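Here is the structure we will look at.
Note that these values count all heavy atoms, side chains included, but never hydrogens, waters or copies made by symmetry. Bear in mind that the values here come from a model prediction, so they are computed numbers and not experimental data.
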Amino acid sequence: MIICLLIFSIFVPFLCLLTKPTLSTNFEEETWSKLKSAISAIFLKQPDSCDLEKLYQAVNDLCLHKMGGNLYQRIERECETHITAALQSLVNQSPDLVVFLSLVERCWQDLCDQMLMIRGIALYLDRTYVKQTPNVRSLWDMGLQLFGKHLSLSSEVEHKTVTGLLRMIEKERLGEAVDRALLNHLLKMFTALGIYSETFEKPFLDCTSQFYAAEGMKYMQQSDVPDYLKHVEVHIVFPFVF
């Protein structure tokens with residue numbers, strides 16, 4: 001009997017560790033409320049009262065209790081709400097295309113910073129539920145997909161961005177100074193979003209064809225053959241980046 005009690009006293013603590021604690025009735029809602037507040041604060045660039053360690057633990061608790069699927073969907077909806085609002089805030093912004101492109105770049109950079117922070121909080125979700133579930137994007141990829149989707153849905157913002165980039169490229173081809181960092185960042189944005197081919201490539205190639213056709217015609221009319229060939233050689237050997 002004593003031996004049995006000793007064995008029981010040794011193994012009961014371990015059994016307790018393996019047993020999930022009883023959850024309160026509103027555990028999932030209360031935990032999500034804290035996480036939602038933190039995510040909203042990240043997007044709105046506001047401080048949040050809950051520290052990162054508690055937020056990280058909240059995600060762990062939901063995942064350990066098989067609530068990762070609901071959590072992922074809730075994070076996705078919350079992100080979509082804020083991403084939609086951010087892109088909509090660009091509608092009817094500055095008619096100056098360079099100023100407008102700077103606003104788009106800021107919006108894009110903000111999203112990247114925000115998704116990194118959200119992924120940091122929900123890292124356990126990314127490493128468990130996302131990896132174990134087919135056809136579910138990582139939180140980072142989910143954020144990019146939402147941004148690309150709503151950029152495409154906001155026709156004014158998308159058109160103005162493409163037009164602004166094409167104008168900058170044309171100016172550089174004409175020898176004018178442009179903000180190359182801004183230009184490169186936004187082209188990389190299109191690539192990262194996976195919409196470069198469908199959104200930017202065709203109008204870019206059309207404008208390139210028109211520019212060099214007009215450029216060739218002008219030089220043929222103004223220059224003799226040797227000078228024309230030298231001009232062509234410059235563009236072949238030392239081409240513009242765009």
Side-chain angles (χ1 to χ4, degrees), residues 18-91 104 106-158 188-199:
L18 294 172
T19 304
K20 293 178 182 177
T22 304
L23 301 180
S24 64
T25 307
N26 297 322
F27 168 74
E28 187 174 14
E29 292 303 320
E30 290 173 355
T31 306
W32 166 243
S33 179
K34 288 189 290 187
L35 291 168
K36 180 180 179 181
S37 175
I39 292 170
S40 180
I42 287 171
F43 277 108
L44 298 175
K45 301 179 183 179
Q46 297 173 348
D48 186 68
S49 57
C50 196
D51 64 61
L52 290 176
E53 186 177 348
K54 288 181 180 178
L55 294 171
Y56 188 85
Q57 187 59 51
V59 172
N60 286 15
D61 292 342
L62 288 170
C63 291
L64 289 172
H65 289 90
K66 309 299 182 186
M67 298 174 183
N70 283 344
L71 175 60
Y72 183 93
Q73 290 174 11
R74 282 174 154 173
I75 291 175
E76 184 174 27
R77 286 196 294 269
E78 188 67 16
C79 288
E80 186 161 21
T81 297
H82 290 284
I83 289 169
T84 303
L87 286 168
Q88 280 301 304
S89 72
L90 296 172
V91 175
V104 175
R106 181 70 265 166
C107 185
W108 164 244
Q109 188 58 57
D110 283 346
L111 173 82
C112 292
D113 295 341
Q114 289 154 356
M115 291 312 301
L116 284 174
M117 293 175 70
I118 291 168
R119 184 180 181 275
I121 292 170
L123 189 59
Y124 192 78
L125 178 69
D126 242 359
R127 290 179 172 175
T128 55
Y129 170 76
V130 171
K131 282 193 173 181
Q132 295 163 9
T133 309
N135 303 318
V136 173
R137 295 182 178 88
S138 69
L139 292 173
W140 171 260
D141 288 341
M142 176 261 285
L144 297 194
Q145 187 272 331
L146 290 173
F147 192 90
K149 169 187 169 183
H150 288 282
L151 177 61
S152 296
L153 288 174
S154 182
S155 56
E156 178 190 324
V157 175
E158 183 184 66
K188 286 178 181 177
M189 177 191 78
F190 279 123
T191 301
L193 295 174
I195 60 174
Y196 180 91
S197 297
E198 63 187 83
T199 302

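- No donor-acceptor pair under 3.5 Å is formed between the side chain of S40 and the backbone N or O of K36.
- Of the N and O atoms on the side chains of Q145 and D141, not one donor lies less than 3.5 Å from an acceptor on the other residue.
- Scanning all heavy atoms of the two residues, the minimum distance from G143 to L111 falls at O-CD2, 4.0 Å.
- Atoms NZ and CH2, on K188 and W108 in that order, are 12.0 Å from each other to the nearest 0.5 Å.
- Listed for the S154 side chain is no donor-acceptor partner under 3.5 Å among the backbone atoms of H150.
- Scanning all heavy atoms of the two residues, the minimum distance from T128 to C63 falls at OG1-SG, 4.0 Å.
- In this structure, H82 and F43 have parallel ring planes: the angle between them is below the 30° cut-off, well short of the 60° mark.
- Of the N and O atoms on the side chains of E28 and H65, not one donor lies less than 3.5 Å from an acceptor on the other residue.
- Heavy atoms from other residues, nucleotides or ligands lying under 6.0 Å from CZ of R77 number more than 12.
- Residue-environment remark: CZ (R137) stays at or below the threshold of 12 foreign heavy atoms within 6.0 Å.
- Applying the 6.0 Å contact sphere to CD of E53 captures no more than 12 heavy atoms from other residues, nucleotides or ligands.
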Could you walk me through whether S197 and F190 pass side-chain contact (heavy atoms from CB on, under 4.5 Å), step by step? CA-CA 9 Å; S197 297; F190 279 123; over 6 Å; no
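- In this structure, the side chain of D51 engages the main chain of K54 through a donor-acceptor pair within 3.5 Å.
- D48 and A41 get closest at one heavy-atom pair: CB-CB, 3.9 Å.
- Here the closest heavy-atom approach between residue A86 and residue C107 is recorded as CB-SG, 3.9 Å.
- Remark: side-chain polar atoms of N60 are not paired, donor with acceptor, to backbone N or O of Y124 under 3.5 angstrom.
- To the nearest 0.5 Å, atom CD1 of residue I75 and atom CD1 of residue I118 are 7.5 Å apart.
- Closest approach of L55 and A38 over heavy atoms only: CD1-CB, 3.5 Å.
- A distance of 5.0 Å separates CG of L125 from CG of L71, quoted to the nearest 0.5 Å.
- Y56 OH to L35 CG: the interatomic distance, rounded to the nearest 0.5 Å, is 13.0 Å.
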Let me see the working for M67 and W32 under side-chain contact (heavy atoms from CB on, under 4.5 Å), right down to the final yes or no. CA-CA 10 Å; M67 298 174 183; W32 166 243; over 6 Å; no
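- Pairing each heavy atom of M115 with each of L139, the nearest pair is CE-O, 3.1 Å.
- The CG atom of N70 sits 8.5 Å away from the OH atom of Y129 when rounded to the nearest 0.5 Å.
- We find the CZ-CG distance between R106 and L90 to be 12.0 Å, quoted to the nearest 0.5 Å.
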